[in-house]
Every structure is written in structure tokens, then in C-alpha cells.
There are 2 protein chains.
Amino acid sequence: MKLTKTSEYALRILSFMARKPEELYPARHLVEQLKISDKYLRRLMTDLSKAGFIRSIKGREGGYVFAKNISEIHLSQIIDAVEGMEKYMGCVLGFGECSDDNPCVMHESWLPMREKLMNVLNNKTLADFNYNKINKY
Amino acid sequence: MKLTKTSEYALRILSFMARKPEELYPARHLVEQLKISDKYLRRLMTDLSKAGFIRSIKGREGGYVFAKNISEIHLSQIIDAVEGMEKYMGCVLGFGECSDDNPCVMHESWLPMREKLMNVLNNKTLADFNYNKINKY
DNA sequence: ATTAAATGCTACAAGATTGTGGCATAAAAT
DNA sequence: ATTTTATGCCACAATCTTGTAGCATTTAAT
Ligand code: SF4
Ligand code: SF4
């Protein structure tokens, strides 16, 4: 099970920020903590801003803050913003169609699993994560 | 949820062959049916042969046949043979460690889902697929 | 005003994945 | 023996993903 690195990064960044959702995070800070290259991180931040999850504050004392409540940011939306969710929707075997009418040989084994995944991605938000435990980054 | 195309192809090929597991399949035939480019398919077939799933018969009237019972070929083994299973084992956030001792913020949401996937891949074999339904390739 | 510290953007570089071309090798049919 | 129809292999090409470099822009502090 794999997301692309780009999605990994996006989740890493936002879930990190979500631990203290009010705070302002300069890119420099995120880069240090999360070990993502400066330029690439900032490119992603731009995408995440455009998607409306965060707002960027330019100039000195600038950085990024959440632009909406973290309980309104679904994982699937995050992935969609940085690389498009379509990729993950399609068929495991690379055929487009997936229905009970026209099932592929993997249908019965695979479909329930995929549903489960889609449920997590569609229903879980940044607020659903467990902030109590100590997380080492 | 996405496997690489390479894994997609491998599953596509073997699950197709598994519908008539005794038959001999020349590459040409597979290429026509499964819409994978000739050269790339044959490269994959070589990997699958080396992994011992199939056996190749060279020369005229040649092709590929299963070298072991399809109930002994697990999905995770197939993926492992063509691109390595490790990629799919790691952390969604791209950190290495995954344990209850050192959970990341996604631990509780993500882990159960991942377990479920690994169960499918590790336990299901080519023989577990549903051959009764009509499958359009 | 000038400087310092931040983000934004665009174009390019490096790497990984996927696809192709060409030729060698093997076996059956003739 | 020769031809035909297969697979095997290697090196290269195209494409996609990821990372970098450089400069423009914005804002606050001085
Ligand atoms: S269940 Fe079968 S048809 Fe549906 S997406 Fe999965 S592989 Fe494709
Ligand atoms: S549960 Fe958390 S620590 Fe474990 S693999 Fe997933 S993201 Fe990584």
C-alpha cells in the first residue's frame, strides 16, 4: 500500500500542523521538523493554499496557518489537492470499470478492501488523529 | 490505493492465465488479450519465470505455463517478484518505524486498514479468484 | 528608505518507472 | 538444412515524479 511521496509529504505536513492547529508555521520550521526539502515543501504548500486548507502569510513573521477547521479537511481532499485522487480510484488491474455487472477476476477479493480504504480517506479528517500519544518526528 | 503498473500487469497476466491454469499461453496471445506492450510483457514474464511461478517454453509452439499450483501463488509473492514488496510495507507518512510504542499521528486510523490490505495480499492466492463470473478483458 | 526574513513562481535537473528496438537463442515444421 | 515462430536479453528512449536553483515579491523591523 503506497501513496506517492507527494501525498505522503502533504499528509505529514498537515498532520504535523494539526497538532497545534492555531499556530503559525514558517516553512523553515516545517522543513527542519519534517525533513522535506525546502523548495519542494513550499511548492506543496502553495497547492495546499490554493485548495483552501491553509493560508500563507508573506513577508517577515510570515508562514502558514490553517484556513479552515481541521475537522473539515478530509484525507481524500488532501490527496486530491496535491496529485489528484483519480489515480487511487481506478481498478487495481488497470481497467477502468468496476461494477458488480462487469466484475474482473479480482472483484470479490479486492473490492471490499478498496471500499475500506476509500472510507478511511473520505471520512477521516485531520481532526480524527490521535494527538494524545507522543509522536516522534 | 495504487499498485504500480508493473504490479498491475503482473496480476492481470497471472489472473488471466489462472482461468485455465493448464493451458499454454504464448506471449502474442497474452498481449492481444491484455493490451500490454509485447516487449514489456515479455520482460515481466521473465521475472515471473525466475520467481518460479511460470515456466517458459522456447521455440515454435512455445509460450508460458504455470510451474506450480496456482493455489500456492500468493499475491504478495507476485508483487514481490516484479518490483519488491518492501515498498508497500513501509509507513504511509514515509517514516520507517511503525509500532504501538512509537505511533505516528495516523497510527490509529491507518494501521487497521493497512493490516487488512496485507492480509489480502498475503493470504489470497491466484486460486482464490472467482472464475465463475464472466470477465471481460 | 533599507534591510531582513519570509513566501511565490518558473524553469530546469535528477531519478525512477515504463516502453521500445534490435538481435541472439531455441525448437518445431518443412 | 532452412525456415518459421517462439522466448531472452541488453541497451536505449520516453515519460512521470521528485528535487533544486534563482530570482521576484511581500511585510515587519530598524
Ligand atoms: S474489483 Fe476488479 S474490476 Fe473492480 S476495480 Fe478491482 S480489479 Fe478492477
Ligand atoms: S501507523 Fe503511523 S507509524 Fe505506522 S506506518 Fe502508518 S503512518 Fe507510519
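This structure is a prediction, so every number in the text was calculated from the model and none was measured.
Residue B:Y40 places none of its side-chain N or O atoms closer than 4.0 Å to OP1 or OP2 of C:dT17. The phosphate of C:dT20 has OP1 or OP2 within less than 4.0 Å of a side-chain N or O from B:S37. Close to D:dG8, at under 4.0 Å from its OP1 or OP2, lies a side-chain N or O of B:Y64. An OP1 or OP2 oxygen of D:dT18 is reached within less than 4.0 angstrom by no side-chain nitrogen or oxygen of A:Y9.
The CD atom of A:E83 sits 10.0 Å away from atom CG of A:L44, with the distance rounded to the nearest 0.5 Å. To the nearest 0.5 Å, atom CG of residue B:D128 and atom OG of residue B:S15 are 12.5 Å apart. Interatomic distance, CD1 of A:I79 versus NZ of A:K87, reported as 10.5 Å (0.5 Å rounding).
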Problem - Candidate pair B:F53 and B:Q77, rule side chain to side chain contact (heavy atoms under 4.5 Å, CB included), full reasoning - result: CA-CA 9 Å; B:F53 304 140; B:Q77 297 175 320; 3.8 Å; yes
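One interatomic measurement links the two molecules: CG of A:L34 to P of D:dT18, which rounds to 17 Å at whole-angstrom precision. Straight-line distance from the NZ atom of A:K5 to the P atom of C:dA14: 17 Å, rounded to whole Å. Computed from coordinates, the B:I36 CD1 to C:dG19 C1' distance equals 12 Å when rounded to whole Å. Between the P atom of C:dG8 and the CG atom of A:D38 lies a distance of 12 Å, rounded to the nearest Å. Counting to the nearest Å, the C1' atom of C:dG15 and the CD atom of B:E83 are 16 Å from each other. One interatomic measurement links the two molecules: CG of A:L30 to C1' of C:dA6, which rounds to 13 Å at whole-angstrom precision. Atoms CD (B:E8) and C1' (C:dG19) sit 15 Å apart, rounded to a whole Å. Residue B:L41 contributes atom CG, which lies 12 Å from atom P of C:dT20 at whole-angstrom precision.
Within a heavy-atom distance below 4.0 Å of DNA chain C, the residues of residues 43-56 of chain A found are A:R43, A:T46, A:K50, A:S56.
Comparing B:T6 and A:P26, the nucleotide of DNA chain C nearest to each residue sits closer to the 5' end for A:P26.
The closest side-chain donor-acceptor pair between B:Y9 and B:T4, if any, does not fall under 3.5 angstrom.
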Exercise for the section: Summarise protein proximity over nucleotides 22-30 of chain C in one line of letters, 5' to 3': B for base, S for sugar-phosphate only, - for none, counting protein heavy atoms closer than 4.0 Å. Expected result: B--BBBBS-
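A donor-acceptor pair is defined here as one N or O able to donate and one able to accept, closer than 3.5 Å; such a pair exists between the side chain of A:S49 and the backbone of A:M45. A donor-acceptor pair under 3.5 Å is formed between the side chain of A:Y25 and the backbone N or O of A:M17.
Among residues two or more places apart in sequence or in another chain, the side chain to side chain donor-acceptor pair (under 3.5 Å) test is passed with B:D47 by none.
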